[in-house]
There are 2 protein chains.
Amino acid sequence: MNSKDAVTRLAALAHDQRLAIFRLLVREGPNGLPAGDIAGAVGATPTGASFHLKELDRAGLIHATRVGRYIRYAVHFEGMRQLLSFLTEDCCQGNPELCGSTIKKARKLCKGETK
Amino acid sequence: MNSKDAVTRLAALAHDQRLAIFRLLVREGPNGLPAGDIAGAVGATPTGASFHLKELDRAGLIHATRVGRYIRYAVHFEGMRQLLSFLTEDCCQGNPELCGSTIKKARKLCKGETK
DNA sequence: TGCATAATTCAATAATCCTTGTAATATTTG
DNA sequence: CAAATATTACAAGGATTATTGAATTATGCA
């Protein structure tokens, strides 16, 4: 993971509809959803959704799989992990207690605790 | 944490120099660094650094403290945690094993493991 | 007070990204 | 093969963001 790729991924997420798409797919898990359902869920036009999905794909945050006449999109979890790691790398020079274990707290959310 | 704030934070990080500044301050911990040192470390002009620091501040990712004639910037760890949580919220509908516990893996980095 | 240092503000140009509609491609079904 | 559905590709505009240099504010020190 280098800085350039991280910026690409962050820029991909730094958009209201794309962030909504990403979070929807994070919730959805490995099976993902077809493009049309995604467009409907976030209130995007088909053209708009396609554009945004392509951005997220290009960035390495999601991936597409054709299933019949549908194209399903799902989160690329390894790409997501790489980004989170890059942001928190070497936090507090290895003394996470200094920041109140920011990451440890954030992690809980992956277990469905909503705050 | 709402979507609008998250987009603001992600957009703040989606820039080469700002990401470098943020990661530098993550490593540095709660004491932070003065603006001049930050500019030098990431190869920014004073004007450029000031602009980017203000963006990160406005987004709620860092905060400024005047110390004599220096202004020290440090990561706002709670703001960072909110963002990470927002990105991973309700991951895999509460079954993180489905994505290989993306967050659990990412978390290790906060302990200084450089992988 | 006067000078040096630290950092910011302002203004103008350049670059990038978002949005929308229309046309095109791929696939299933009759 | 023809029609219908799902999705993508292309092009043009309008809006937002980055960059630069010069001028400005704030602080410390002789």
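Treat the numbers as computed from the prediction; the structure is a model and nothing was measured. So you know, we letter chains A, B, ... as the sequences are listed, proteins then strands, and number each from 1. All values below were derived from every heavy atom in this structure, side-chain atoms included, with hydrogens, water molecules and symmetry-related copies excluded.
Contact check for B:Val26 versus A:Leu87: no side-chain heavy atoms found under the 4.5 Å cut-off.
Here the side chain of A:Asp90 pairs no donor or acceptor atom with the backbone of A:Gln93 at under 3.5 angstrom. A donor-acceptor pair under 3.5 Å is formed between the side chain of B:Arg9 and the backbone N or O of B:Ala59.
In 5' to 3' order, the nucleotides of DNA chain D bounding all contacts with chain B (an atom under 4.0 Å from a heavy atom) are D:dA18 to D:dG28.
Just one of B:Val75, B:Ile62, B:Leu25 meets the side chain to side chain contact (heavy atoms under 4.5 Å, CB included) condition when paired with B:Met80; it is B:Val75.
Heavy-atom distances under 4.0 Å link DNA chain D to no residue of residues 20-41 of chain B.
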What verdict does the side chain to side chain contact (heavy atoms under 4.5 Å, CB included) test give for A:Leu56 and A:Arg18, after you've listed the backbone C-alpha separation in whole Å, the side-chain angles of each residue and the deciding distance to 0.1 Å?
CA-CA 7 Å; A:Leu56 288 166; A:Arg18 285 199 297 264; 4.1 Å; yes
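Under the rule for a salt bridge (Lys or Arg N to Asp or Glu O under 4.0 Å), B:Arg72 has no partner lying at least two apart in sequence or in another chain. Residues passing the side chain to side chain contact (heavy atoms under 4.5 Å, CB included) test with B:Ser3, sequence neighbours excluded: A:Asp16, A:Leu19, B:Val7, B:Phe86. In terms of the salt bridge (Lys or Arg N to Asp or Glu O under 4.0 Å) criterion, residue partners of A:Arg58 (sequence neighbours excluded) are, by chain and number, A:Glu55. Shown here are the side chain to side chain contact (heavy atoms under 4.5 Å, CB included) partners of A:Pro30, two or more places apart in sequence or in another chain: A:Phe77, B:Cys92, B:Leu98. With sequence neighbours excluded, the residues that form a side chain to side chain contact (heavy atoms under 4.5 Å, CB included) with B:Ala44 are B:Gln17, B:Val42, B:Ala49.
Sorted by first and then second residue, the pairs that involve residues 12-63 of chain B and meet ring pair (Phe, Tyr, Trp, His ring centres under 6.0 Å), not counting sequence neighbours, are B:His15-B:His52. Contacts classified as side chain to side chain donor-acceptor pair (under 3.5 Å) and involving residues 39-51 of chain B (residues at least two apart or in different chains) are not found.
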Please tabulate, one pair per line, each protein N/O and nucleotide N/O from nucleotides 25-30 of chain C that are separated by under 3.5 Å, including the distance.
none

Sub-3.5 Å pairs of nitrogen or oxygen atoms, protein against nucleotides 9-17 of chain C:
{"unit_1": "C:dT9", "atom_1": "O4", "unit_2": "B:Thr47", "atom_2": "OG1", "d": "3.4"}

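The hydrophobic cluster containing A:Leu24 does not contain A:Tyr70, counting ILVMFWY residues as joined when their side-chain heavy atoms lie under 4.5 angstrom apart, directly or transitively.
Closest approach of A:Ile71 to A:Ala64, counting heavy atoms only: CG2-CB, 3.8 Å. Contact record, B:Ala74 with B:Asn31: CB-C, 4.3 Å, taken as the closest heavy-atom pair.
Relative to the axis of its first five pairs, the axis of the last five pairs of the helix from C:dT1-D:dA30 to C:dC17-D:dG14 sits at 20°, rounded to 10 degrees.
The separation between B:Arg72 atom CZ and C:dA6 atom P is 14 Å, rounded to whole Å.
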